[in-house]
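This report refers to the structure that appears directly beneath it.
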Amino acid sequence: MDTAEILKKVRQIEIQTNKLVSETFAGEYLSAFKGQGIEFAEVREYTPGDDIRSIDWNVTARTGIPYIKKYNEERELTLMIACDVSGSQKFGSKDKLKLEAAAELAALFAFSAIKNSDKVGLMLFSDKIELFVPPKKGKKHVLRLIRELVAFEPQSAGTDIGLCLETMSKVIKRQGILILISDFLSPVSSFSKPFKLAAKKFDLIPVIVQDKLETRLPPLHACIDVTDPETGQEDFLCLSSGEINDALDDYARRQDLNLRALFNPYKIEPIRVDTALPPADPVIAFFKARAKKIRR
């Protein structure tokens with residue numbers, strides 16, 4: 001895309017996302033992601049009805065008058081978005097590539113975060129770290145992140161989710177939210193260890209972007225040449241045989257089982273996004289379900 005096309009696409013995402021955030025996401029985001037601690041605010045005189053567990057005994061002893069400590073929730077959070085930009089993300093059988101869906105998802109999270117005065121950062125990864133943008137606040141910053149997602153051309157086509165998670169754990173010192181957007185087609189064993197470490201440090205939310213054609217091919221009486229977008233390996237497939245769909249079904253089932261085995265010990269619920277459907281819908285459902293759990 002040339003500059004004009006990039007700016008037009010960024011503007012489209014901005015308009016669409018701002019409307020969604022204003023109408024739905026900002027409040028749901030606030031409910032789903034609470035502050036991660038409390039900070040001391042002040043001491044004041046005890047009044048009847050105050051929790052006696054909050055009494056500051058040191059000040060009380062010095063003054064002879066009961067005082068209590070007051071705390072405020074440490075609301076400000078850091079939200080990091082890690083987005084897979086490998087070759088497989090440039091696939092799409094409908095109107096939208098997986099990478100385009102990822103850009104819209106990232107925008108939803110980013111605008112929701114800044115609406116609540118949180119910082120947002122971005123990491124783009126293939127089998128190397130392609131780009132790292134440190135977390136900051138502000139609409140101008142978020143628009144820059146969207147431009148990167150729309151226009152960025154990665155140097156490599158491979159995927160290394162483990163490297164992304166290892167790097168994120170090193171460069172982000174504070175706890176925060178980590179949105180990991182990928183198709184998660186890599187073997188789970190290749191990133192399970194860094195995933196477990198990241199899950200202990202961050203509020204880790206996997207967003208699995210899927211295209212239905214990757215799991216089931218149409219019944220056509222034809223043979224086609226195919227090329228793996230990440231390795232460049234070529235193959236010749238005959239679609240009239242049901243063996244291909246059987247193999248795809250088997251791989252999808254095993255991958256899903258392996259991912260669940262990785263996520264479940266940390267009570268992680270992934271967000272699953274189908275490129276043929278509006279990407280915002282499963283995110284809204286996720287926010288509502290999470291906010292309901294927090295309120296219990």
With no hydrogens and no angle check, just 3.5 Å: does a side-chain donor-acceptor pair link S126 and Q155?
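Looking only at side-chain atoms, Q155 and S126 do not form any donor-acceptor pair under 3.5 Å.
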Pair [X] + [Y]: basic N to acidic O under 4.0 Å:
{"X": "K128", "Y": "D160", "result": "no"}
{"X": "R11", "Y": "E14", "result": "yes"}
{"X": "K170", "Y": "E166", "result": "no"}
{"X": "E269", "Y": "R290", "result": "no"}

Please check this pair: side chain of D56 against backbone of Y67, looking for a donor-acceptor N/O pair closer than 3.5 Å.
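Not at all, since once roles are kept as given, no pair shorter than 3.5 Å links the two residues.
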Please check: side-chain N/O of K9 versus main-chain N/O of V150, any donor-acceptor pairing under 3.5 Å?
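Pair absent, no side-chain N/O of K9 close to backbone of V150.
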S117: what forms a side-chain contact (heavy atoms from CB on, under 4.5 Å) with it, not counting sequence neighbours?
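S117 satisfies side-chain contact (heavy atoms from CB on, under 4.5 Å) with K137 once adjacent residues are dropped.
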Measure the shortest side-chain to side-chain distance between [X] and [Y] over non-hydrogen atoms and say whether it is less than 4.5 angstrom.
{"X": "M168", "Y": "F202", "result": "yes"}
{"X": "E130", "Y": "F152", "result": "yes"}
{"X": "L77", "Y": "Q175", "result": "no"}

For R260, which of N264, N258, D256 qualifies under side-chain hydrogen bond (donor to acceptor under 3.5 Å, both in side chains)?
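Answer after filtering N264, N258, D256: D256.
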If hydrophobic residues (ILVMFWY) are linked whenever their side-chain heavy atoms come closer than 4.5 Å, directly or via other members, who joins L185 in its cluster?
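Joined to L185, directly or through intermediates: Y251.
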Mind checking ring pair (Phe, Tyr, Trp, His ring centres under 6.0 Å) for F263 and listing every partner two or more places apart, or none if nothing turns up?
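Here the qualifying residues are F195.
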Between F33 and F287, what is the ring plane arrangement, given parallel below 30°, perpendicular above 60°, and tilted in between?
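Judged by the thresholds at 30° and 60°, the geometry between F33 and F287 is perpendicular.
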